[in-house]
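Down below is the structure, laid out as structure tokens.
In the text below, chain A, chain B and the rest are named by the order of the sequence lines, each starting its count at 1.
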Amino acid sequence: MDFLAELETLLRQIPPGHFARVADVARALGDVRASAAIARVLRDHPELPNARRVVAGSGLAARGPFFNAFRGGPLLAELRAEQIELATKVSRRNGFRSVRTVGGVDVSYEGDRGFATLVVLRASDLTVVEEVRVTQPVSFPYIPTYLAYREWPLIEAAAARLRERPTVLLVDGHGQLHPARCGIACLVGIRLGVPTIGVAKHPLVGSIRGSLEPGGGAPVVVDGEVLGYAMRTSQSTKPLFVSTGHRVATRTAVRIVRALCRTRQPEPLRIAHVLATEMKRRQRKKVQEGLKLAPFPRSERPKAKGRGA
DNA sequence: GCGACAG
DNA sequence: ATCTTGTCGC
């Protein structure tokens, strides 16, 4: 059952004349963190059953009693359980000898459509040896700590079109530096069976131990355990957060990422991001041109004025 | 006033 | 992630 279907199941339970708090719906789904996403979905899809009867926590918008006896499948709790299970399968041993190629995947969005690009660079000279692009509708919203379930379908589709898999794949987001120790890089690594490294631009969990010197790195500790490193590349003050996805030792992950950084972002991710954004732009342009060229279905199109061949 | 959690 | 144009600066 997907996110929207699960949400609908809950919405239908609100009795006539009753209202529900967004946070209560989120908790029924399994995680209060989904509140913002649910509010967004309801705003964008007012046609969903009882969409207008789900209100903010203040309850000011309610014109009747609150309902909160939701029953049924807590989707997010199940996904969290899966993450915890996957976390036990993460390996921090290097699943390779030498790094011949390095991949990077990134996803950009336009409404409910995602655009993914996966690029593979030759490690020796950082030239692109392969790139694949994929676009698909996306149905799972962005919910903090569940990013993997939003992006996995696109990443899987992109990986499937790859002629040859990279030695190691960089993923835009955290690896073990995650509340369930299973960020998107871990899920992708395990499901793909490829060594992966999580590279995030912002922290999610843990605290940085020590100071971050320019060009240096500092351990990020969670529950007394080092699960990743914050590292400052280039001139940037803002650190990058690197952690094991799968089959890569944490220190090795840091070494690999550092070797790939010409700017703040490692080259595979920087290039993937540029290409994904470009793909989205071109698609948008194409759609606009299509609307101009064919404002009506062919059968209803007004008769064109004759113009000499 | 505090906090606002990867993309 | 996305909304957004030109502009100031190294």
Q | Residue-phosphate contact under 4.0 Å: Lys201(A) side-chain N/O, dG7(B) OP1/OP2 | A | yes
**Q.** Strand-adjacent residues in residues 170-185 of chain A, judged by heavy atoms under 4.0 Å from DNA chain C
**A.** none
**Q.** Side-chain ion pair, Asp172(A) and Lys201(A), N-O less than 4.0 Å
**A.** yes
Q.
Considering every strand and a 4.0 Å limit on heavy-atom distances, what is the contact class for Tyr149(A): base, sugar-phosphate, or nothing?
A. nothing
**Q.** Nearest-angstrom distance from the residue atom NE2 of His273(A) to P of dA6(B)
**A.** 15 Å
Q: Identify whether any heavy atom of Tyr142(A) sits under 4.0 Å from a base atom; if not, whether one sits that close to sugar-phosphate; answer base, sugar-phosphate or nothing.
A: base
Q. Do Arg191(A) and Glu82(A) meet the salt-bridge criterion of a basic N to acidic O distance under 4.0 Å?
A. yes
Q) Between Arg181(A) and Glu225(A), is there a salt bridge with N-O shorter than 4.0 Å? A) yes
Q: Would you indicate what Thr145(A) reaches in the nucleic acid, counting non-hydrogen atoms under 4.0 angstrom: base, sugar-phosphate, or nothing?
A: base
Q. Salt-bridged, Glu267(A) to Arg258(A), with N to O below 4.0 Å?
A. no
Q.
Between Arg100(A) and Glu164(A) (salt bridge meaning N to carboxylate O under 4.0 Å), is one present in this structure?
A. yes
Q.
Expressed as a whole number of angstroms, how long is the span from Arg43(A):CZ to dC3(C):P?
A. 13 Å
Q) Is Arg281(A) paired with Glu278(A) through a side-chain N to carboxylate O contact shorter than 4.0 Å? A) no
Q) What's the CG-C1' distance between Leu147(A) and dC5(B), to the nearest Å? A) 12 Å
